[in-house]
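The basis for the numbers below is simple: all heavy atoms, side chains too, and nothing from hydrogens, waters or symmetry mates.
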Amino acid sequence: MQVTQVTHVPQSPLKPSAPQGAAFAPDSLVLNRKLPLWYQVSQSLRASILGRTPDATLRLPTEEQLAAHYGVSVLTMRQALKELETEGLISRHRRRGTFIEPRARRVSPVRLLGSIDAIVAQQSGELTTVLDHGPFPVPGDVAEHFPGCAEVVGYRRLRCDEESGEPTNWARNWIHPEVAAGLDPADLDRWPMTKVLRDRVGVRIARITDTVEARLADPVTADLLRVPLLSPILYFTGVTYDESGRVVDVAQIRYRGDRFSFSVTVEAH
């Protein structure tokens, strides 16, 4: 999967849409004109909804405000909102507005489409615990990605469903030591690694290459995800490159096979 560099789209500030609670503020978005705009907007807004602060209002800004914020047409915005409504994340009420569904069960497909914001959205909305982190000798299975490095910095994280507390996946990230020097592990309790690298560390991400395969749960995975040993899991590998072509992150994520499906969207042009 490749992510194409594009020009940042100017955005309009959003006004609070409800007097109660903190105003809902969607993340910024860099649009890739080679991909469906409605999909990019829906995934960016999805990440913002799932990563919102606890005191944020449940009412979203108007269609017009959101369209201005993302730099798209109202028609495109409506299509993006329809996607989130189908997923059960929002409800739309004529003359009342659009509201986040606080107790909606989140559908969790592992989707591959060329958008950084889609990856951030996929990783958002779950309780994350950093289990450990620190320098490690470069593991043999990722050595090809870190030539010249004697060590990398590893982060092991467990993600759980917000409502049930049930573990859904665990991740091991191997980070280039120069990049890890600017990373605050506390940020990973709130945001996905891709978002932290891009928005907090300032890495200019050029592309991410993803691979998904079927595997069987090893003892560590079985214990962390509370599944039987050798039960089916989805094993995801994501290799993140910066603009110079350097690998800055290799993510190895194990998803529970009973909680996730795998889908790929292919657009005809």
Are Arg198 and Asp242 ion-paired here, with the side-chain N under 4.0 Å from a carboxylate O?
-> no
Are any of the side-chain nitrogens in Glu63 or Arg92 under 4.0 Å away from the carboxylate oxygens of its partner?
-> yes
Atom of [X], atom of [Y] and distance for their closest heavy-atom approach:
X: Pro135; Y: Glu151; result: CB-OE1, 3.7 Å
X: Val203; Y: Val179; result: CG2-CG1, 3.9 Å
X: Asp161; Y: Ser164; result: OD2-N, 2.9 Å
X: Val41; Y: Val72; result: CG2-CG1, 4.0 Å
X: Val138; Y: Cys149; result: CG2-O, 3.2 Å
X: Ala251; Y: Asp249; result: N-OD1, 3.8 Å

Specify whether His133 and Tyr155 have parallel, tilted or perpendicular ring planes, treating 30° as the upper limit for parallel and 60° as the lower limit for perpendicular.
-> parallel
Under a 3.5 Å distance rule, please check whether [X] uses its side chain to pair with a backbone N or O of [Y] as donor and acceptor.
X: Ser42; Y: Tyr39; answer: yes
X: Thr86; Y: Lys82; answer: yes
X: Arg256; Y: Leu225; answer: yes
X: Arg59; Y: Arg96; answer: yes
X: Gln65; Y: Thr62; answer: yes
X: Thr168; Y: Arg159; answer: yes

Qualifying residue, where the test is salt bridge (charged side-chain N to carboxylate O under 4.0 Å, His left out) with Arg46 and the options are Glu83, Glu85, Glu87 = Glu87
To the nearest 0.5 Å, tell me how far Leu234 CG sits from Tyr255 OH.
-> 8.5 Å
Stepwise side-chain contact (heavy atoms from CB on, under 4.5 Å) test for Arg200 and Trp191 = CA-CA 10 Å; Arg200 303 290 287 180; Trp191 294 301; 3.6 Å; yes
What's the verdict on side-chain contact (heavy atoms from CB on, under 4.5 Å) for His176 and Val152, showing C-alpha distance, side-chain angles and the deciding distance?
-> CA-CA 5 Å; His176 194 287; Val152 288; over 6 Å; no
Check against side-chain contact (heavy atoms from CB on, under 4.5 Å), Thr76 and Tyr70 = CA-CA 10 Å; Thr76 296; Tyr70 287 116; over 6 Å; no
Please confirm whether Trp174 and Phe136 have ring centers closer than 6.0 angstrom.
->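 Between Phe136 and Trp174, which both carry aromatic rings, the centre distance is below 6.0 Å.
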Stepwise, does the side chain to side chain donor-acceptor pair (under 3.5 Å) test hold for Gln252 with Thr237?
-> CA-CA 5 Å; Gln252 300 168 323; Thr237 303; 5.6 Å; no
Which is it for Leu89 and Ile100 under the side-chain contact (heavy atoms from CB on, under 4.5 Å) test, yes or no, and what are the steps along the way?
-> CA-CA 6 Å; Leu89 285 179; Ile100 298 168; over 6 Å; no
Residue from Thr129, Asn173, Asp132 passing side-chain hydrogen bond (donor to acceptor under 3.5 Å, both in side chains) with Arg157 = Asn173
Passing candidate, side chain to side chain contact (heavy atoms under 4.5 Å, CB included) with Val248, options Thr240, Ile175, Ile205, Val239 =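 The passing option is Thr240.
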